[in-house]
Amino acid sequence: MRARSILEMMDIGHRTEIIFTIRVYQDQRRFLRFRGNRRIKDYSVSYVATRDLVSGAFRIVKNNGQRITKENEEAFFNFFFSANDIRIDMSDAEKGDYYIVGRVEVRVIKLIPPLNLLSNILPGIITRTDWERVGAFRIN
Amino acid sequence: MKGPYPLIKSRAGLLSILFIYTFIIFLILFLSRQIMGDLATDDLPARFILLPFAIVLPLFLAGNIIIAVLKIIRDTKRKKPGATFKVKLILFFSFVAFVSAVPQAVLSISFIDIVMKSWLVRDHSGAVRGGLEIAMNYYRERTAALEAVVDSPFFIYTANFIPYDQERAWTIYKESFPFIAGMQVLRDGRTIYFNGDERGRISDYRVPPAGRGLLAKETIEEVAVLRAQGVFRSRGVVYSVVFSSFLPESFDARAERLTSSHDILLQLENYQAVFTLVILGVLIFFTLPIFLLSMIISFRLAEEILHPIVQLEEATRRVAEGDFSFRVLARPGDNISVLISSFNQMIKELESSRKKNMHADKINAWKEIARRMAHEIKNPITPIKLSAERVLRRYNSADPNFDKILNSSVRVIVTEVDRLNRLLEEFSDFARMPPFVFLPAKPAEIIRESCEIFSSSSPGISFDTAIADEDAIILADNEKIKQVLINLFANAIDAMDGQGVIRIRTDKIIKENNSFFRIQIADTGCGIDKDIADKVFAPYFTTREKGTGLGLAIVERIVFDHNGTIWFETEKGTGTTFFIDLPFGVDDEQNTDN
């Protein structure tokens, strides 16, 4: 979903939600590979963005309830499209090779029930990327 | 009870579905807001439970209805008892359910549509847009005013006091611009002075060096703080002055609510047409299963209403066919159980009275047989006795013609004794008929062989035979059927005094889903009197001098033992036609193939 279309959707009164999901997998040893790699951690953070028509600012509500205001488009998109809040804690992890995959999902939320039923029939409301490998590390 | 519902077989099954459906509707209504919200967020069980439910349940019910409808169509085609009435009942119930559902749906959708168009969109949208415009103008004016402070020459002029007398500068600014709530002075990026409401204070790092104009709005304790930054240089040092101003308390929250209302209105406007369809979909989601359930209930009700009636009809038919052992079973609490028990009682009494009648008939029959036997035996005994007395009398009187008289008298005695013997043989045959041997037989061949017997002995008789199906096969005792035909032909020849045409016709007919081979034997004889028409099959009933009265009785018994029927139509002076219906007793396919 393009940034411009997100703005357009917000202009016609829709909220936009972005969900970042990060998963940490442990590479299995050779003889256990048939079992598939093991998912160790699962993190998710979501932001819901709206436009304040009075001040023109962008309001963002995080999944933990924190509210943030961005005055201009550049600041808004810089914040909206980055998941800086996710901290991967591997303090309890055992030795081994790990890798991280991530996925981003952007969707438009109808504000009021029962209009939200339309989200089941209107096309192009949800955009979801494939799982992408975003990094790997080793714990010795 | 075997109903037309292969999937929902019992009343308990139907009640279970009703209960589950009602329970789910209750849950949906109870949690409707949550579910509607969940549906939009895509990742909740609502989509995985409700949507399949919306599809699977109606499909399941529709499947039941389709099967039941197909069964009813089949029953109607087969003209099963009560099928037409059942169709009418089901159509009526379905119509009532449909008629009650449609106006509700139309009214609900119209109401929602009107509410959306007139109340929400037209009236509220004006108010919300007006309010929003006022808020935006107010905000613009306040920000413009604050920005104008740092843009004005007055700001630079007064700023000259700041490096050495900030208090004086603050007083001048405050008096000139009363809406200013605070002033913060930074030198080389560090705050050196602040005055006014503390909520207006801003952290040093958030003030851009050498920046000028409005800073980001901040909300502190539900108060929106506007800030404008001005910059001036004095003796080589850069000073930043940040003026703060407050919007009315809760301005931000109210503006957010206005924005939210405005967004909702925009959605209502944009999706009005689609939303009506969605409402229609929601209504169908709730009403379609109810409608289908009501149809299934109508099937079951029709079945419950008609089942005892059909059973009664079946019982009546069986009783009419002579089966008095049939009883209609009534379920406990059945509405017409009184009628059924009365009917069963009636059959019981009928059976009892029929047995009594049969017993009386049997006695009467034996009386009649004894009377007729006595009569038939008496007939030859009289000439025997007379002949014997005559011989004795002539012998005692030494009649010269004794030899001649003896000869004629003994001949009479022998003839009458032969007649007695024949009478007894036929009686014996009738009483002890040998067991039947049922084998596939071709009626066409039997008819032809029977006709040939008479072609030489009765030259005045001709047979006009038209056989519909030469290769038809029935399961019958070949010899016995031949005996039936010979007896009927003999009677016909007697009725026509040995001159005339006997017409034989055959046909395949269907009575109550059973196939029969019909033989018609028509003569052009004197016909049968109506007075004696009901006695012709009775044993020892005859109109002929030399008849034994057992011929037609034997015919009737043979046909009866073949599970067939025999009857006749007669017209005095015109002739008589006998009809014999014999069941095929073998597969119709075999006859079709043949």
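Basis for what follows: all heavy atoms, side chains included, without hydrogens, waters or symmetry-related copies. Proteins get letters first, then strands, A, B, ... in listed order; numbering begins at 1 in each. It should be emphasised that the depicted structure is a prediction, and the values quoted were computed from it without experimental measurement.
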key: E222(B), CD: over 12 other non-hydrogen atoms inside 6.0 angstrom   =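 It does not: E222(B) CD has 12 such atoms or fewer within range.
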query = Should we say atom CZ of R138(A) is surrounded by more than 12 heavy atoms from elsewhere, each under 6.0 Å from it?
reply = no
request  = Would you give the length of the straight line joining atom CE of M136(B) to atom CG of D52(A), rounded to the nearest 0.5 angstrom?
outcome  =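 Going from CE on M136(B) over to CG on D52(A), the span is 9.5 Å.
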request  = Compare every heavy atom of A135(B) with every heavy atom of V54(A), then report the nearest pair and how far apart it is.
outcome  = CG1-O, 3.8 Å
key: Intermediate values then yes/no, side-chain contact (heavy atoms from CB on, under 4.5 Å), D252(B) and R59(A)   = CA-CA 11 Å; D252(B) 255 8; R59(A) 293 180 197 279; 4.3 Å; yes
query = So which part of S55(A) gets closer than 4.5 Å to some heavy atom of chain B, the side chain, the backbone, both or neither?
reply =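 Both parts, backbone and side chain.
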key: Portion of Y138(B) that has a non-hydrogen atom of chain A nearer than 4.5 angstrom   = neither
